[in-house]
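Note that these values count all heavy atoms, side chains included, but never hydrogens, waters or copies made by symmetry. Note that ligands are numbered from 1 as they come in the structure, with each ligand's atoms numbered from 1 the same way.
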Amino acid sequence: MSENVSSLLYLVSGVLFILALRGLSHPTTSRQGNLYGMIGMGIAILTTLVGHAPSGVGAWFLVLLGLGIGGGAGAVIAKRVPMTAMPQLVAAFHSLVGLAAVAVAAGALYAPQAFGILENGHIHKQSLFEMGLGVAIGAITFTGSVIAFLKLDGRMSGKPIMLPQRHAINIVLAIVLVALLAGFIGGESKVLFWLIVILSFVLGGLLIIPIGGADMPVVVSMLNSYSGWAAAGIGFTLGNLALIITGALVGSSGAILSYIMCHAMNRSFISVILGGFGGDAAAASGGGQVETRPVKQGSADDAAFIMKNAEKVIIVPGYGMAVAQAQHSLREMADQLKKAGVDIKYAIHPVAGRMPGHMNVLLAEANVPYDEVHELEDINGEFPQADVAFVIGANDVTNPAAKTDPQSPIYGMPILDVERAKTVLFIKRGMGSGYAGVENEVFFRDNTMMLFGDAKKVVDEIVKNL
Ligand code: NAP
């Protein structure tokens, strides 16, 4: 295949990836977006295989084996993973992108002739620069993503781990890393290459351990961006246009998403990039203490009565709805209430659940009409006019401590002002705290009624009582 034809095909796959990103920005077009992405990736893989056809049966066997194992494992894992575990899956996959960047760079260093990057027996300086940068970002992404995976999967405490002098340590390590990179580019040393890898592995871990659970969504999105830049860097080394385009798209879309999320959570973008931004406030998190103050408790019957007589109900879904898979029962409840003339709206917090868009996906799955689903900034002003805020499995995203307690790990995050509704109904199994491990004052307010139980079971009961 000529260079021009393969460049053209890579360009086509790049355009398909852009269309995929556009499609994925809304639930109505997300399936189509996914399809564009798959076609784009198919074209990119075929073009690479045909353009750089492996020589000999053994090489083909290795390539197909890699595709089979990777593709097969990816398909099985994606099919089996519950929606609630999607963020840790994404973090785990990012770690593989980072590790792949390290492996490709090592391959290029040890067999530069195979990559066409030799000049008079030495690797081009430019290639060494790209390799050095790609491998450093890749290694940081790898350990950073592994830590994010362990935290999100509950295998490691979600609480921030604060090393003394962590900022100073990170700065010193970063300076040493730059010096090693300069030495590697100047001297093509394999020892320096592996020192860069080891140091970047350490730095990746150090950047993520101080970050608390509530800030994790931004971290996952940031690591997504890092993995894209690592891929783009390696794309330059390989001279592969598709990898450069895809890496740049992933890198910039991840950075834009992180920026939007930082904005939504009132965090500083720069401190996220530098790591440890959950900071000292997060360290003060009490985390999951048992609360003994009395709360007002109600039954499904009470809830059905209150909502049937309401004019306006705003539903606030959260992580617990996802755990209970209560979205279908919830839509049934909303349908019944609408038939009784109640105005129903859904309020979605940008980080409700465990990944961006988590609630939107679940509600779409239950065929909730899109025009009933509203973002935080559009609906927050409507709570004072609502008769009922129906909070199903949400906690942190309704916690006023985010506005009032500078020591709270969620301080600064905008919240849904559910307590301003006439009545607040909370469905949850007990008095357990949310992801950030902090108590929610709204449970104890006079206008709050707790409905204890599994979200699906309680909603099914409410539907019966309606
Ligand atoms: P949350 O604060 O984690 O609270 C969820 C609540 O659901 C818990 O208090 C729990 O209380 C209840 N629950 C769990 N299982 C339940 C079930 N089967 N039935 C009924 N209730 C159940 O959730 P959130 O309000 O959605 O806030 C999301 C949090 O996750 C934020 O802190 C956010 O920063 C963080 N986060 C978000 C993302 C993202 O991208 N969206 C990613 C990672 C982390 P009980 O135990 O008492 O039932």
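- Of the candidates Ala455, Gly434, Gly393, the one placing a heavy atom closest to atom 6 (C) of ligand 1 is Gly393.
- Remark: the Thr48 side chain and the Tyr10 side chain contain an N/O donor-acceptor pair separated by less than 3.5 Å.
- Summarising the contacts of atom 4 (O) of ligand 1 with Val219, Ile392, Leu416, Asn395, the nearest heavy atom is found in Asn395.
- Looking at Val351, Ile348, Thr398 and measuring to atom 41 (N) of ligand 1, the nearest heavy atom belongs to Val351.
- Neither the backbone nor the side chain of Pro87 has a heavy atom within less than 4.0 Å of ligand 1.
- Side chains of Asn224 and Ser221: a donor-acceptor N/O pair is absent below 3.5 angstrom, by distance only.
- Considering Ser433, Gly320, Ser221 only, the shortest heavy-atom separation from atom 8 (C) of ligand 1 involves Ser433.
- Of the listed options Tyr435, Phe452, Phe426, Tyr319, Tyr435 places a heavy atom closest to atom 35 (C) of ligand 1.
- Counting heavy atoms only, Gly353 comes closest to atom 28 (C) of ligand 1 of the residues Gly353, Gly318, Gly432, Ala322.
- Every atom of ligand 1 with a heavy atom of Gly430 under 4.0 Å away is listed here by number and element: 47 (O), 48 (O).
- Taking distance alone, with nitrogen or oxygen atoms compared against 3.5 Å, Ala394 stays at or beyond that limit from ligand 1.
- Look at Gly453 and you'll find a heavy atom under 4.0 Å from some atom of ligand 1.
- Side-chain contact, Asn447 with Thr423: no donor N or O sits under 3.5 Å from an acceptor N or O.
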